[in-house]
Undergrad: 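Starting off with a structure, shown below.
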Amino acid sequence: MGALFSFVMVILLVLLAYAGIKAANLQIFFGVVIPYAAILTFLLGFVYRMLKWSTSPVPFRIPTTCGQQKSLPWVKQNKIENPSTALGATVRMILEVFLFRSLFRNTKAELRDGRLGYGSSKWLWLGSLAFHVSFFTISFRHLRLFLQPVPSPVHFVETLDGFLQIGAPTFLITGSILLLAALFLLLRRFLLPTIRYISLPADYFPLFLIIAIASTGILMRYFLKIDVVSVKELTMGLVSLNPMIPEKIDVIFYIHLFLISVLLAYFPFSKLMHMGGVFLSPTRNLSNNNRMVRHINPWNYPVKARTYEEYEDEFREKMKNAGIPVEKE
Amino acid sequence: MAKLPTPDELSKINYKPPEKRWVNTPAEFKDGFWCFGTRPKYLQAVDMPNPREWKPIEDDWKLPENWKEIFLEGFAERLKKYRSFRLFMDICVRCGACADKCHFFLGTGDPKNMPVLRAELLRSVYRNYFTTSGKLLGKLAGAREITFDVLRELWYYAFQCTECRRCSVFCPYGIDTAEITIICRELLNLLGLNTDWTMGPVANCYRTGNHLGLEPHTIKSIIESMVEDIETITGIKIEPTFNRKGAEILFITPSGDLFGDPGTYTCMGYMMLFHELGLNYTWSTLAAEGGNFGLFTSNEMAKKLAYKIYAEAKRLKVKWILGGECGHMWRVWNQYLETWHGPTDFLETPVSPITGTKFDYTSSLKAVHIAEFTADLIKHGKLNLNPSRNDYLKVTFHDSCNTARGMGIFEEPRHIIRNVCNHFYEMPENTIREQTFCCGSGSGLNAGENMELRMRGGFPRANAVKHVHKHYGINMLANICAIDRAALKPLMDYWVPGVEVCGVHELVGNALVMKGEKERTTTLRSEPLPEKEAKENV
């Protein structure tokens, strides 16, 4: 249900952009107004969400410890999985954010004849990493449309991406990887019964959207071969706050741009915010140095607890009879 | 009480979720899965709100008129107080990596026991009241209103989570279901909805300082009876002290070690060790409980119960604190104690009086885990050990969730075991250390009426023990947690008969050669030492 709804939504978005350009000639709306609105929503929304999380304090230091603690000098500490320093916690975060360390641990439990076994299961890790790395690379490559002259790192990444050196224009592998990885993530949600059970429209929608973005991108580059010079005129216009609509741009570009705008505007309101949130996760970004440095809770407040005096008052006679020392005879 | 199915019946588990969507499937309360609701007297004893007689199985929970308001206000307050909570409500992508990591899901096959879905039960309510998309799109955004059915479901599943954090190890964002369960239970507590098995110990602990409600003279007489047993076994008379001012060390252990085997054998092991070292330590009859069932109730209650720890250390003018073998006690000490009740400037950085080792890593908390203390002694060759006394045992070690994932004590107990036993074997690697499986009864779930749930929750742990029992003939499951000692025993009897359960310091007590001791003929359990028995029969 959630999947169908999300699929139809994305199709409608595509049709909307198509109709808007073809039937209503809304080039300025789809080429200028919407992208500006989207980027503004993205930036403000992202910052707002990050600030909102940041305003909730971290009252306790609660890292999930995944290795030996720092203790006796001869016991080998796992300085990354159970960090006791800021450096250790930083390395842990880097491994988490760039290499998906925790997903790499993934196992699959199987029950056979009453026996549970745990097999290594790296597909989710591989699929997610492929998805995110290619997404990032593609976004980075797109900087060529927004910068003049194009900086050398962008050229370099593009050359790397086209290492297969086939086709004209050169086949860039990340586009296909992104599409395949997104399809893999989608298929998981369709085929694995437990994953299907937990999936919401909010899980399908971004996947369909990204699949559509990647597809229109591939279509533009390799099949419809749209006029990149005109596209760059438009994008440079946006960046220089001097927007203009060149003549010769195919409708597919407006569809692509519209879908990206939707993704950007949708981002801050959705689970996609995990991109920013992961950095704030208190079970990962803190070091386990509680026994060395006292953690301060900003809202720590005094509580009424039972005192020794109250305790002795209740049990004094019994304590004296048992020969347990008391404060007041 | 519900009849417990046989292990064969229980181990046929279907992991395939039903076709019907979970939001449209209200929780069905199965016998043997839930704990009795708390009696009002326990809530009254500690001034917790909405005390009343109520039964979880009934349709009327006698909730206060404005219960939704209380629940949602409490929700909003905690979103402001805990970044963990707000973040974990927002950033889950439902990748499902956590699904088959939970012992309750593996043991029940109930999809709402997948950590992701257990959290979604609460997230759906969060979206409805606290997010723009939820307010605008409702069901489409996965939001739902808080209704009585939803509340029942939250209650049922908040008490099918042991806050063990195994899911958090595998989550790419470190989402910790324990944090979510802890806060969900706090919200339920605002409505007086706790379990009797949790609130009874809390009320006891507030008045007497310990969960069992042992009064000071009883604590003394229990320990003295252990002293007698030690004298019978070793010929050595130990003289522990109580509430003695000016001792160097305050020793605190869970009260489970004082009451009921095999915990008591662990306690005898501690005392024999301290005597042999000539350690200048004292018991406190008020702080005769390191455990803290408050943690399974609310942060505030846990803080109240933990107050006595430093207060007694200060009153008795000790230099530092030595803590016994307990899981959640150490999680509380490591994660909360000093934040609540510090700073600890009246104590000193712990130094072992025997080896001179300065425990720098606890320079602020000023508490040493007994496994660290003993491992240090052994490393420095300060103990005369005869591991062959444990030769009749084939030992494996169960890492307790709390010390594993809330602290990271892995090597210290293993170092001890390798030195006091000759036969030590590990369970499979996906079931130990940071990936250890819960006993199935932690976080206040070790009641009697939910025995089927406990046996199911402990199934993955038991399954790993069964593996080493079959391959290496394991007959002893060692651990450093009082709830483990109480909970693993029935679990082993059910799933892997023939495997006993012990604390690490029971093994130490058995192997420890004490100055002036008589020739031992029995173990700390007063069972004949097997080789002695064999000799006598010749």
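Each chain gets a letter, A, B and so on, in the order its sequence line appears, and its residues count up from 1.
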Undergrad: Among B:Val46, B:Asn299, B:Thr349, B:Thr132, single out the residue with the greatest number of heavy-atom pairs under 4.5 Å to chain A.
TA: B:Asn299
Undergrad: Does A:His274 have its ring centroid less than 6.0 Å away from the ring centroid of B:Tyr173?
TA: yes
Undergrad: Between B:Glu312 and B:Lys314, is the closest basic N to carboxylate O distance under 4.0 Å?
TA: no
Undergrad: Checking heavy atoms, do the side chain of A:Ile195, its backbone, both or neither come under 4.5 Å from chain B?
TA: side chain
Undergrad: Among the options B:Glu300, B:Arg315, B:Glu338, pick out the one with the most heavy-atom pairs lying under 4.5 Å from chain A.
TA: B:Arg315
Undergrad: Find the one option among A:Val278, A:Ile198, A:Ile296 whose heavy-atom pairs under 4.5 Å with chain B are most numerous.
TA: A:Ile198
Undergrad: Tell me, side chain or backbone of B:Ile13 under 4.5 Å from chain A's heavy atoms, or both, or neither?
TA: both
Undergrad: Which word best sums up how the rings of A:Tyr308 and A:Tyr311 line up, parallel for under 30°, tilted for 30 to 60°, or perpendicular for over 60°?
TA: tilted
Undergrad: Decide yes or no on salt bridge (Lys or Arg N to Asp or Glu O under 4.0 Å) for A:Arg306 and A:Glu314, but give the supporting numbers first.
TA: CA-CA 11 Å; A:Arg306 179 134 150 130; A:Glu314 182 173 347; 2.7 Å; yes
Undergrad: Side chain from CB out, backbone as N, CA, C, O: work out which of these in A:Asn297 comes under 4.5 Å of a heavy atom of chain B, or both, or neither.
TA: both
Undergrad: If you tally heavy-atom pairs under 4.5 Å against chain A, which of B:Leu305, B:Asp90, B:Leu137, B:Leu79 wins?
TA: B:Asp90
Undergrad: Check whether B:His415 gets within reach of chain A through its side chain, its backbone, both or neither, counting any heavy atom under 4.5 Å.
TA: side chain
Undergrad: Quick one: of B:Arg83, B:Lys304, B:Arg433, who has the most non-hydrogen atom pairs under 4.5 Å with chain A?
TA: B:Arg83
Undergrad: Against chain A, label B:Val116 side chain, backbone, both or neither, depending on which of its atoms sit under 4.5 Å from a heavy atom there.
TA: side chain
Undergrad: Are side-chain N/O atoms of B:Asn430 and B:Gln435 paired as donor and acceptor at under 3.5 Å?
TA: yes
Undergrad: Name the orientation class of the two ring planes belonging to A:Tyr266 and A:Phe205 (parallel below 30°, tilted from 30 to 60°, perpendicular beyond 60°).
TA: perpendicular
Undergrad: What part of B:Ser284 is in contact with chain A, defined as an atom under 4.5 angstrom from a non-hydrogen atom: side chain, backbone, both or neither?
TA: neither
Undergrad: Less than 4.5 Å to any heavy atom of chain B: does that hold for the side chain of A:Pro206, its backbone, both, or neither?
TA: neither
Undergrad: Could you label the plane-to-plane angle of the A:Phe60 and A:Trp299 rings as parallel, tilted or perpendicular, counting under 30° as parallel and over 60° as perpendicular?
TA: perpendicular
Undergrad: Counting heavy atoms not belonging to B:Lys81, are there more than 12 under 6.0 Å from its NZ?
TA: yes
Undergrad: Below 4.5 Å, heavy-atom pairs only: which of B:Lys308, B:Lys12, B:Arg331, B:Met114 has the largest tally toward chain A?
TA: B:Met114
Undergrad: So which atom in A:Thr194 and which in B:Phe105 form the shortest heavy-atom distance, rounded to 0.1 Å?
TA: CG2-CZ, 4.1 Å
Undergrad: Relative to each other, are the rings of B:Tyr307 and B:His341 parallel, tilted or perpendicular (30° and 60° limits)?
TA: perpendicular
Undergrad: Side chain, backbone, both or neither: which part of A:Phe5 has a non-hydrogen atom closer than 4.5 Å to chain B?
TA: side chain
Undergrad: In terms of heavy-atom pairs under 4.5 Å, which option from B:Arg165, B:Lys220, B:Glu434 contacts chain A the most?
TA: B:Arg165
Undergrad: Could you look at B:Glu372 and say if it's the side chain, the backbone, both or neither that has a heavy atom under 4.5 Å from chain A?
TA: both
Undergrad: So, B:His380 versus A:Trp74, ring centres under 6.0 angstrom or not?
TA: no
Undergrad: Report which part of A:Pro298 has an atom under 4.5 Å of a heavy atom belonging to chain B: side chain, backbone, both, or neither.
TA: neither
Undergrad: Most heavy-atom pairs under 4.5 angstrom with chain B, which of A:Lys76, A:Arg101, A:Arg188?
TA: A:Arg188
